[in-house]
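Index from 1, following the sequence. Note: hydrogens, waters and symmetry copies are ignored here, and every other heavy atom, side chains too, is used. Whatever order the structure lists ligands and atoms in, that order sets their numbers, starting from 1.
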Amino acid sequence: MLSQERLSVAQECQRAWVEVDLAALAANARQIKRLLQAPTELMAVVKADAYGHGASLVTPTLLDNGVDWLGVATVPEGIELRKQGIQAPILVLGAVNTPSLVRAMAQWELQPTLSSPKQALIFSRHLDDAPHPLPVHLMVDTGMARLGCPWEQGLEFMQFVRGLPNLQIASLYSHFAGADALDPALTQVQHHQFQTVIHQAQANGIPIPRLHLANSAATLRDQALHYDLVRVGLALYGLYPAPHLAHQIKLRPVLQVRARITLIKSLATGAGVSYGHQFIAPHPMRIAVVAIGYADGVPRRLSNQMTVIVRGQRVQQVGAITMDQLMIDISHLPDVQEGEIVTLLGEDGDQEISVDSWADTLGTISWEILCGFKHRLPRIPVD
Ligand SMILES: *Cc1c(COP(=O)(O)O)cnc(C)c1O
């Protein structure tokens, strides 16, 4: 059953909300930190509003529990954290190429990812008024074909940036394309290519203060991939990148999604439910209308394919999920009342619905589900 405390939190939220379990988040951060060998640092990746959890809500807890760095995707994401008074170093993982954003990064002390000599030049040229050199992070592409200069040109790139004014190399990094795969082959190739660039820097006397390579999967996979810093997103939020990486440490899901029953009604045999009558009552039924829909981030493709939890019991969703509401079959729960709480993701009693189960049904990944919850759902911290 849901605790009284949960119910009172919920009373303030009329229709639907996301609960963010800050105690679970803190525990996850400490568990991950325990995997690291000093002086390896922990970067919390809080891009995309902290994977839907609310960046301003989770960041203070992360910084109180061993997180040293923050990673965001965009300059506005970084500025939002600075405006909140966050002082930790912030790396912008996405690409920035325009003079106004370059100056904003210097002003707000955000550190860029650089992928090409051309991009490095843009930064160097537009930082002439900056009081000190901007720390920059050089990315090499070792097999992701996303950001980063081709690793074969890594040495040239490092030498080029070293010769530019207004910039100071803060790190060299790369990103894995398949660190969650069972087969380690691709990860090994990428790691080898990263090592080659490191050796070239050493052989040519280019000082690189910090090396980093690991996302959640690589962090859980192998300590040899940790280097000076690990960039962890998914695992902090309590999910495993793949089942075979789940044995290392115990993580607790941070996000739970709940909504209220707003109306209960009876249906006669043969009554159709929702748009297109994709569900027809096979017998007399009692259904409940729940105040959450696809505009809140419940994928419409889960229509007739998902269960929810009411009073600690599994309940089938029926009919097409609509923009703001969905229906559930409560025929076997005659006591359920309007105003009661429905759990779409998370725990109620001894039942639990995982983000991974939605991702499996939908043929996608848990990252996408987390990022799908919209701002219409308030994020409510629970402890
Ligand atoms: C998003 C991202 C991460 C975090 O990935 P997870 O799999 O969520 O841990 C790390 N590094 C880079 C470059 C990223 O873009």
Side-chain angles (χ1 to χ4, degrees), residues 25 28-29 31-33 35-36 40-53 55 58-59 62 66-75 77-78 81 89-96 110-115 119 136-149 151 170-181 186-187 190-191 194 210-223 225-246 248-249 251 253-255 355-356 359 364-372:
L25 182 74
N28 295 339
Q31 285 282 311
I32 292 162
K33 191 83 176 184
L35 283 178
L36 311 182
T40 297
E41 294 183 301
L42 174 58
M43 174 186 292
V45 179
V46 294
K47 62 191 180 191
D49 207 21
Y51 293 39
H53 294 70
V58 302
T59 299
L62 289 166
V67 164
D68 310 286
W69 282 74
L70 299 169
V72 297
T74 69
V75 172
E77 285 178 350
L81 293 172
I90 299 179
L91 169 60
V92 176
L93 299 162
V96 171
L110 306 175
Q111 305 183 16
T113 295
L114 299 184
S115 296
Q119 189 194 10
V136 297
H137 300 257
L138 308 191
M139 188 172 200
V140 287
D141 179 4
T142 55
M144 175 74 182
R146 197 172 66 175
L147 291 183
C149 91
W151 67 274
S171 83
L172 174 74
Y173 84 101
S174 191
H175 189 50
F176 284 123
D180 55 340
L186 173 59
T187 297
Q190 286 196 258
H191 187 200
F194 188 60
R210 200 176 279 103
L211 300 164
H212 50 113
L213 185 57
N215 54 5
S216 292
T219 301
L220 294 173
R221 179 167 206 129
D222 186 353
Q223 223 175 37
L225 304 174
H226 289 182
Y227 288 92
D228 302 306
L229 175 69
V230 295
R231 307 184 306 269
V232 178
L234 190 77
L236 281 168
Y237 306 110
L239 304 179
Y240 296 97
H244 70 98
L245 296 171
Q248 280 264 28
I249 46 174
L251 299 172
V254 173
L255 173 141
V355 174
D356 285 320
T364 184
I365 56 174
S366 53
W367 290 258
E368 191 188 23
I369 305 287
L370 291 177
C371 296

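The OG1 atom of Thr219 sits 11.0 Å away from atom CE of Met43, with the distance rounded to the nearest 0.5 Å.
At the shortest separation from atom 13 (C) of ligand 1 among protein heavy atoms lies His175 ND1, 3.6 Å. With respect to atom 1 (C) of ligand 1, the closest heavy atom belonging to the protein is Lys47 NZ, 1.4 Å. If you check which protein heavy atom lies closest to atom 8 (O) of ligand 1, you get Tyr51 OH, 2.6 Å. The single protein non-hydrogen atom nearest to atom 9 (O) of ligand 1 is Ser216 OG, 2.5 Å, given as residue, atom name and distance. For atom 11 (N) of ligand 1, the nearest non-hydrogen atom of the protein is Arg231 NE, 2.9 Å. Scanning all protein heavy atoms for the shortest distance to atom 7 (O) of ligand 1 gives Trp367 NE1, 3.3 Å.
Between Tyr227 and His212, the distance separating the two ring centers is not shorter than 6.0 angstrom.
At a threshold of 4.5 Å between non-hydrogen side-chain atoms, the residues Leu35 and Val230 do not count as touching. No side-chain heavy atom of Thr40 sits less than 4.5 Å from a side-chain heavy atom of Asp228. At least one side-chain heavy atom of Val254 sits less than 4.5 Å from a side-chain heavy atom of Asn28.
Side-chain contact, Ser366 with Tyr240: no donor N or O sits under 3.5 Å from an acceptor N or O. Between His137 and Ser171, the side chains place a donor N or O and an acceptor N or O closer than 3.5 Å (distance only, hydrogens not considered).
The shortest separation from a heavy atom of Arg146 to ligand 1 is under 4.0 Å, placing the residue in contact.
On a distance-only criterion, Ala217 and ligand 1 share no N/O pair closer than 3.5 Å. Geometrically, ligand 1 and Leu234 share a nitrogen or oxygen pair separated by less than 3.5 Å. By the 3.5 Å distance cut-off applied to N or O atoms, Tyr173 is not counted among the residues near ligand 1.
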